[in-house]
There are 2 protein chains.
Amino acid sequence: MSEVESFFKSAFSVDNVIFGFDGGDLKVLLIQRGAAPYRGKWALPGDLVYPNEDLDTAAERVLEQLTGLRGVYLEQVKAFGAVDRHPLGRVITIAYYSLIKIDDYAVTPASFAQSARWHDFAHIGELAFDHNEILETCLKQLKHKVRMAPVGFELLPPKFTLTELQQLYESILETELDKRNFRKKILSMNLLIDLNEVQEGVAHRPAKLYQFDRVKYEQFVGEGFTFDV
Amino acid sequence: MSEVESFFKSAFSVDNVIFGFDGGDLKVLLIQRGAAPYRGKWALPGDLVYPNEDLDTAAERVLEQLTGLRGVYLEQVKAFGAVDRHPLGRVITIAYYSLIKIDDYAVTPASFAQSARWHDFAHIGELAFDHNEILETCLKQLKHKVRMAPVGFELLPPKFTLTELQQLYESILETELDKRNFRKKILSMNLLIDLNEVQEGVAHRPAKLYQFDRVKYEQFVGEGFTFDV
DNA sequence: CATGGTTATTGTCATTCTAACACCAATTAG
DNA sequence: CTAATTGGTGTTAGAATGACAATAACCATG
């Protein structure tokens, strides 16, 4: 094999850390591998990138094949390319994370998965390949991002309460926040629409429902505003 | 060609945005390409990744071949993988940036370069491939990084003045800073060693020379400190 | 229907951080 | 010796932060 040919004896894949939030804990959607290597092991959903496919497109495809969702929040994080990270050959992978509303998720058969399941972020065991490392890197990235851009709303249903929003931040940042200060800060941004609706069927004082005002956010950004929690 | 083979009809490269600082402007080290495609055009230094080489190692190699430097600050930024980004085939590239002390730079012949030259960041024309986009992304990353970690010192000589440090920040952040407030903030971190030396041969009051105290920084980080400018 | 359990909602004050701002000091050039 | 240049320093007003607790609204239960 010539040297030039050997350069092309390699492949690249995308792996996608799909985050969800169920009101309590931060979740990650993992698959159980249906093929070697690591058959039967839990892993991040991912696939080889097609020769005529952009990286972002490949990540979107993996997400759609598994969840049926399109147009969700997706962000590239980092390339992982240790020589020995894949036992069958030289494969570098580009890690993405995406944020989905967990209620939108519908199980979809995907060629690369025996089965798929949400896992509590806090209780994830040993994964295939270097996927534990990828997961940690993506969470670190999300921790930064969620404080500097209004991406947290991607994980919540369209109508949500301030307590839900706070719990979301607390579970991503792995810290507790002061309730009054949190509300003060969020509301002072004027980015939430008060829907004049309340929760129903809860055994306590019902909370008001809000909606994120994306139009206003874009407008404020144009005026020099930067989101900051 | 089988489908599996076609997956392996691809290559990956690294491209390195090498930043330097000469006391006035932020600089980038560019090469003039010695081979097709884009022969003669200015481009980021980069090379294909060897089959048995880690990504980080490849980036270090490119840097060393061009500058003779080892062990300098190097950080991966993002993978660029548009299908048509390379005219000769499917090549995705992993972008890195590195920070070097411009005085340490010694011209070294590199196979991939006809010639290499520092360019003012502000006056860079059209580059080969998608390298303008890569450059912009790396600067954006550096702007964030320099505010949240003491990486700016990587661009300065071991002994520097506070004015030099401020000019460095101003040129990276593309903004002006207040002299008194800047000094107050930097000195209050207790991360600079006052060398009790002053500049020599300047036609004005000589400035005091300082040195960054990496040991203290590591210690403070261990105690929960976070650098923030 | 009265009580208890549970969560939602709201404001103040002390402290800290931020941002704006101007003058004297030390040196070299001529 | 004078001019020109850059180095070095402190205060203050306003804003942001962080700590903190009592009342309101709803459902469940007896």
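Just so you know, these numbers come straight off a predicted model, no measurement behind them. The basis for the numbers below is simple: all heavy atoms, side chains too, and nothing from hydrogens, waters or symmetry mates. Below, read A as the first sequence line, B as the second, and so on, with proteins coming before strands; counting in each chain starts at 1.
Summarising the geometry, the separation between CG on L162(B) and P on dG8(D) is reported as 6 Å, rounded to the nearest angstrom. Straight-line distance from the CD atom of Q167(A) to the C1' atom of dT7(C): 11 Å, rounded to whole Å. Per the geometry, CZ belonging to F160(B) stands 21 Å off P belonging to dT6(D), to the nearest Å. Rounding to whole angstrom units, CD of residue Q199(A) and C1' of dA8(C) are separated by 9 Å.
With sequence neighbours excluded, no residue satisfies side-chain contact (heavy atoms from CB on, under 4.5 Å) with K140(A). Applying the side-chain contact (heavy atoms from CB on, under 4.5 Å) test to D213(A) and every residue at least two apart in sequence or in another chain returns I193(A), V215(A), K216(A).
Considering CZ of F182(B) and OG1 of T163(B), their distance stands at 9.0 Å, rounded to 0.5 Å.
Each of L63(A), D104(A), T67(A), L99(A) was compared with V72(A) under the side-chain contact (heavy atoms from CB on, under 4.5 Å) criterion, and only L63(A) meets it.
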Output a table of donor-acceptor pairs, distance under 3.5 Å, between side-chain atoms of residues 19-30 of chain A and any protein atom two or more places apart or on a different chain; print 'none' if there are none.
residue, atom, partner, partner atom, Å
D22(A), OD1, G24(A), N, 2.9
D22(A), OD1, D25(A), N, 3.0
K27(A), NZ, D120(A), OD1, 2.6

List the atom pairs, donor and acceptor, that lie under 3.5 Å between side-chain atoms in residues 221-229 of chain B and the rest of the protein, sequence neighbours left out.
residue, atom, partner, partner atom, Å
E223(B), OE2, Q219(B), NE2, 3.3

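Checked by atom type and distance alone, the side chain of Q32(B) never pairs as donor or acceptor with a backbone atom of A116(B) at under 3.5 Å.
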Distances for protein N/O vs nucleotides 26-30 of chain C N/O pairs under 3.5 angstrom?
residue, atom, partner, partner atom, Å
dA26(C), N3, R205(B), N, 3.3

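For D228(B) and T163(A), each mapped to the nucleotide of DNA chain C holding its nearest heavy atom, the one lying further toward the 5' end belongs to T163(A).
Shown for residues 174-190 of chain A: residues whose heavy atoms fall under 4.0 angstrom of DNA chain C, namely K179(A), R180(A), R183(A), K184(A).
Using cut-offs of 30° and 60° on the angle between ring planes, the pair Y73(A) and Y97(A) is tilted.
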